[in-house]
Amino acid sequence: MKTKLGLLYGGKSAEHKVSLQTAMAVIKALDLEKFEIHPIYINVEGQWIKGPQLSAPVENIKALEFSEGKQLSPLSLAPSLFQAEQQNAAPLDVIFPLLHGPNGEDGTVQGLLELLNLPYVGNGVLASAAGMDKVMMKNVFAQAGLAQVNYVAFIKSEWERAKAEAYLKVEAEIGFPCFVKPANLGSSVGISKCTNRAELEAAFVEAFQFDRKVIIEEGVVAREIEVGILGNDNPQCSVPGEIVPKTDFYDYKAKYEDGDTALIIPADILDEEYGQIKEMAIQAFKALDCSGLVRADFFLTKDGKALINEVNTMPGFTPFSMFPLLWKHTGIEYPQLIERLVSLAKERHAEKQQIKYTF
Ligand SMILES: Nc1ncnc2c1ncn2[C@@H]1O[C@H](COP(=O)(O)OP(=O)(O)O)[C@@H](O)[C@H]1O
Ligand SMILES: [Mg+2]
C-alpha cells in the first residue's frame, strides 16, 4: 500500500516562494512506487486550495500555485481537505507541512492536524509554538541550564508607557552592541544590530512593527555553527555546519537575496567543541519536547564556548538548505531523509493512539 502523503505548502508568509521551491524538490525526491502525492496549496491570501493528486514531478513552481479547484476553508471543511480525491476516499496517511514562520511553523497548523488526528511530519503544537517565540524558547533553555547570551524582553505597551526606562534597562543589563528582534519572526525580518542609544531607539520602533513582543540580546562576536537533529525520543545529531555571512550579520538579504553566504560542511571545529554542541542540541530538543526534526543554531566564541542561539522547528528544507545538506554529509540523502521523517510522523502518531482519554 502506498502512503498517501499530503504536502502542505505556500502560506501567508514572507517565505511563500521558498516553500514552493521546497515542495517542488520534495515532490521530485519522492518515490512514486511508495507514495501518492496530494498537494495542498496555501496562497498568499491564506486560502487553502487542494490540487489534484500528482503522478509525476512538476517542472515549475507555477504548476503548484493552484487557483481553481476545491477552495476550502480549513475550519469548516478540514476533513475533506485532507482526503484523497476518490469518492468515499480515506483521509491522507501523513501530512508534511512545508511551511515556515507564523501560521505554519508556530503550532497553529499543527493544532489543526491534532484535532483531525492526522499523522504529520515534524514538531507538535508545544514545540512549534515555543520554538517560534524567541522569549519563550530562551526561557526554556535557561531553565534547562543551556548556555546562551543575556537577554531582556518587552511588550509594546510596556515600552510605550516608559520608553526611557526600557532603554536604560537595556543599557544596564545588556549593553552594546546588542541585537533587537521581534519575538515571533524568522528570516532575520525586523532584526537590528545596535551600537548606541540612537540606534537602539530606531531598532525598537522597527521591531515593534512586526510583533507586540521584542527581545534584546547581548551581541557576541562568534562563529555560527548549526547542527541537524532527527528523531523522536532518541534523537540523532548530524555533523556540524558553519554559516559564513558576507554581510555584518546573517540578515534577510544574506539569507534569500545574495545567496553567497558560504555554508561549510562539515564545519572545521574541534572535537570537544562539536561534543559540546551536540550535547546541547539534544538537550534543547528534549527541553522543548521536539519531535521529528530541528536545526539547532549556535554561536561558538573564540575561546571555544558554545552558546545556543535558537532552534528552528521547520528549518529550510530545499536540497540546498543547511538541514538536508547536514544530513547528506552525515550519510542520509534527501529522499531517505523525507522517508525517515514520514516514518517518524507515523511512529509518533501510533504512540499517541495508545494514550487513554478516559478513566
Ligand atoms: N546575540 C547575537 N550576537 C551576534 N549575532 C547575532 C545575535 N543574534 C543574532 N545575530 C545574527 O543575526 C542573525 C539572525 O538572528 P536569529 O536570532 O538567528 O534570527 P532568525 O530567527 O530570524 O534567524 C544570526 O544568524 C546572526 O548572524
Ligand atoms: Mg537564525
Side-chain angles (χ1 to χ4, degrees), residues 13-15 18 99-102 104-106 123 127-142 146-153 170 173-195 199-200 203 206-207 209-211 213-229 240-258 260-264 267 277 281 284 288 294-302 305-317 321-323 326:
S13 122
E15 281 143 321
V18 180
L99 301 164
H100 308 287
E105 190 181 348
D106 62 354
N123 288 282
S128 301
M132 192 79 251
D133 184 309
K134 292 187 195 303
V135 181
M136 264 321 153
M137 174 168 61
K138 280 167 204 275
N139 289 346
V140 173
F141 291 162
L146 292 167
Q148 57 185 342
V149 296
N150 289 325
Y151 62 96
V152 293
V170 171
E173 293 181 26
I174 307 297
F176 295 113
C178 64
F179 279 78
V180 178
K181 314 176 180 179
N184 286 285
L185 270 181
S187 307
S188 302
V189 173
I191 298 186
S192 315
K193 180 179 176 180
C194 313
T195 53
E199 285 174 4
L200 184 64
E206 168 78 4
Q209 289 181 16
F210 296 98
D211 203 343
K213 189 162 34 164
V214 155
I215 182 168
I216 302 91
E217 299 171 15
E218 176 191 346
V220 288
V221 179
R223 294 167 71 186
E224 295 188 64
I225 308 293
E226 308 187 338
V227 289
I229 303 288
E242 176 166 16
I243 50 172
V244 185
K246 299 268 153 60
T247 40
D248 185 29
F249 67 94
Y250 198 31
D251 60 7
Y252 184 85
K253 213 164 153 291
K255 281 181 184 172
Y256 296 114
E257 288 166 18
D258 296 350
D260 65 356
T261 293
L263 304 186
I264 301 167
I277 285 170
L288 283 176
V294 303
R295 195 192 71 226
D297 299 352
F298 291 83
F299 297 123
L300 182 63
T301 65
K302 268 213 178 62
K305 187 173 164 62
L307 303 167
I308 191 158
N309 174 29
E310 61 171 344
V311 300
N312 291 278
T313 55
M314 186 53 212
F317 201 78
S321 307
M322 183 60 108
F323 184 88
L326 288 170

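Atoms within a ligand are numbered from 1 in the order they appear, just like the ligands themselves.
Residue contacts with ligand 1 leave out D297, since none of its heavy atoms falls under 4.0 Å from the ligand. At a 4.0 Å cut-off, not a single heavy atom of K193 sits close enough to ligand 1 to count as contact.
Residue K181 has at least one N or O atom closer than 3.5 Å to an N or O atom of ligand 1. Ligand 1 has an N or O atom lying under 3.5 Å from an N or O atom of V220, backbone or side chain.
Between atom 24 (C) of ligand 1 and the options E224, E226, K134, the minimum heavy-atom separation is to E224.
Within the listing of ligand 1, atoms 16 (P), 17 (O), 18 (O) sit less than 4.0 angstrom from a heavy atom of N309.
Taking each heavy atom of E224 and P245 in turn, the nearest pair found is OE2-CG, 4.1 Å.
A side-chain donor from one of D211 and N184 sits under 3.5 Å from a side-chain acceptor of the other.
The name of the N, O or S atom in E310 nearest to the Mg ion (ligand 2) is OE2.
With contacts defined as side-chain heavy-atom distances shorter than 4.5 Å, the pair E217/K138 qualifies.
For the atom pair NZ of K181 and CZ of F210, the computed distance is 15.0 Å after rounding to the nearest 0.5 Å. Taking CE of M136 as the reference point, atom CZ of F141 lies at 13.0 Å (rounded to 0.5 Å).
At a heavy-atom cutoff of 4.0 Å, ligand 1 is contacted by the side chain of I191 but not by its backbone.
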